[in-house]
Structures are given as C-alpha cells and as structure tokens.
Q: 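Here it is, the structure in full.
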Amino acid sequence: LLVNWGDVARSGQPEPQVKWVSLKKHTRAFEKLVRSYQYDPSKLLDISRNCIIFETLGTLTTCLGVIVTDQDVRVERVKNRMAPSYNSEQTGGYRDVCLNIRVVNRECTALGAEAHMCEVQLLLLSFAHLRTSEGHKRYVWARNAKGE
C-alpha cells in the first residue's frame, strides 16, 4: 500500500505507518570509513537511511517507479538484492532494493542540502521479518568476519 506522506502527516497518527530510524552511529560510520572505504567519506552513503515495507512485489515495483521518475529525486545508486543473481546466503536470506538518492529542488538548494545522500531500502514484508535483533547479530558477525 503506497501512502502519500502528506496524508500520513495530516492524519496526526503516523506511528502505525511510519517507523523512524536513527542516523547511523558514529562508531559504525568510522568503522566503514576505515574497513571498506579507505578513509574516503564520499563513499559513506547510508548515514541517513530508512526503509519502506511492501506486501507485494508489484507495490514495491510501483514505488520504485515513482521514486526514479520524481523530478526532484536523483537516484545515484541502486543495489538490487532482489535479483535472482544476488546470493542471499551472504545476508541470511535477506533481500531488498537499496537506493541512494538525493533530493534536488529549490528548497534543498536554498538550504545547501542538495548534495545530501540518503539510503532508502525497499523490501517485502516477508524479508522484513528477517530483520530481528538475532538476525542483525548474525549479519554483524558475518560482516565483521569479512572485514567490512
């Protein structure tokens, strides 16, 4: 179900439909800079991140189409972890479509924020259930074992 943010905000009750995610922790950001990006902060694209969860692949695909055709959005990178070629064993079966986007419009330019990169994860409800604290611990263990 796609919900217009304006409708959610006006409803006064966004909590059932929106889960706010905190920014990436400083320790993890520095860890990624050292381990994966050779101290290049321009490669750190997921400090600000969120996800949208869908019940069907059709609604996920529709949302993806809305994002990539939005004149105010610049899609800088797409990681399609839903592709059959993606080895989900590396992520404990988890799959998503991960977008790195920038919002480029008059308001962002006036604030000097047009270069700000955000990560948006599009995922199916069935994969969202894999995002448990225990599942995250396994992911962190595998990531650390690979030195990422």
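Since we're looking at a predicted model, the values are computed, not measured.
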Q: Same cluster for Met82 and Val68 if Ile/Leu/Val/Met/Phe/Trp/Tyr side chains link at under 4.5 Å?
A: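 They do share one cluster, since a chain of ILVMFWY contacts under 4.5 Å joins Met82 to Val68.
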
Q: Could I get the full list of side-chain hydrogen bond (donor to acceptor under 3.5 Å, both in side chains) partners for Arg77, not counting sequence neighbours?
A: Asn100

Q: Could you pull out all residues at least two apart from Ala29 that satisfy side-chain contact (heavy atoms from CB on, under 4.5 Å)?
A: Lys24, Leu44

Q: Please name all residues satisfying side-chain hydrogen bond (donor to acceptor under 3.5 Å, both in side chains) with Ser88, sequence neighbours left out, ordered by chain then number.
A: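 Ser88 satisfies side-chain hydrogen bond (donor to acceptor under 3.5 Å, both in side chains) with no residue once adjacent residues are dropped.
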
Q: Could you grab the distance from atom CZ of Phe54 to atom OG1 of Thr62, nearest 0.5 Å is fine?
A: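 Here the interatomic distance stands at 8.5 Å.
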
Q: Which atom names give the shortest non-hydrogen contact between Glu55 and Thr59, and what distance separates them?
A: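 Scanning both residues, the minimum pair turns out to be N-OG1, 4.1 Å.
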
Q: List for me each residue that meets side-chain contact (heavy atoms from CB on, under 4.5 Å) alongside Ala110, sequence neighbours excluded, and say none if there are none.
A: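 For Ala110 there are no side-chain contact (heavy atoms from CB on, under 4.5 Å) partners, ignoring immediate neighbours.
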
Q: Applying the side chain to side chain contact (heavy atoms under 4.5 Å, CB included) criterion to Leu60, which one of Ile52, Leu125, Leu122 satisfies it?
A: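 Only one option passes, and that is Leu122.
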
Q: Considering residues, nucleotides and ligands other than Tyr37, do more than 12 of their heavy atoms fall under 6.0 Å from its OH?
A: yes

Q: With clusters built from Ile, Leu, Val, Met, Phe, Trp and Tyr whose side-chain heavy atoms come within less than 4.5 Å, directly or transitively, what are the remaining members of the cluster of Tyr39, listed by chain and number?
A: Val34

Q: Roughly how far, to the nearest 0.5 Å, is OG1 of Thr56 from CG of Leu124?
A: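 Leu124 CG to Thr56 OG1: 7.5 Å, rounded to 0.5 Å.
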
Q: Between Val73 and Val78, is there shared hydrophobic-cluster membership here, with clusters defined by ILVMFWY side-chain heavy atoms closer than 4.5 Å?
A: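 Same cluster.
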
Q: So which atom in Tyr86 and which in Tyr94 form the shortest heavy-atom distance, rounded to 0.1 Å?
A: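 Taking every non-hydrogen atom into account, CE2-O, 3.9 Å.
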
Q: Could you check Leu64 against Leu99 for side chain to side chain contact (heavy atoms under 4.5 Å, CB included), going step by step and ending with a plain yes or no?
A: CA-CA 9 Å; Leu64 179 59; Leu99 308 172; 3.7 Å; yes

Q: Can you list everything that forms a side-chain contact (heavy atoms from CB on, under 4.5 Å) with Glu107? Sequence neighbours excluded, please.
A: Asn105

Q: What residues form a side-chain hydrogen bond (donor to acceptor under 3.5 Å, both in side chains) with Arg49, not counting sequence neighbours?
A: none

Q: Can you pull out every side-chain hydrogen bond (donor to acceptor under 3.5 Å, both in side chains) where at least one residue sits in residues 111-120? Sequence neighbours excluded, please.
A: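 Every pair satisfying side-chain hydrogen bond (donor to acceptor under 3.5 Å, both in side chains) with a residue in residues 111-120: Glu119-Gln121.
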
Q: Taking all heavy atoms of Asp72 and all of Asp70, pick out the closest pair and write down the distance.
A: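 Nearest heavy atoms, Asp72 then Asp70: N-OD1, 2.7 Å.
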
Q: From Leu57 CG over to Ser126 OG, what is the distance, rounded to the nearest 0.5 angstrom?
A: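 OG of Ser126 is found 9.5 Å from CG of Leu57.
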
Q: Could you see if Ile67 belongs to whatever hydrophobic cluster contains Val97? Use Ile, Leu, Val, Met, Phe, Trp, Tyr and a side-chain cutoff under 4.5 Å.
A: yes

Q: List the residues meeting side-chain hydrogen bond (donor to acceptor under 3.5 Å, both in side chains) with Asn87, not counting sequence neighbours, and say none if there are none.
A: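 Counting only residues at least two positions away or on another chain, Asn87 forms no side-chain hydrogen bond (donor to acceptor under 3.5 Å, both in side chains).
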
Q: Under the salt bridge (charged side-chain N to carboxylate O under 4.0 Å, His left out) rule, what pairs show up with a residue in residues 83-98, not counting sequence neighbours?
A: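 Found Arg81-Asp96.
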
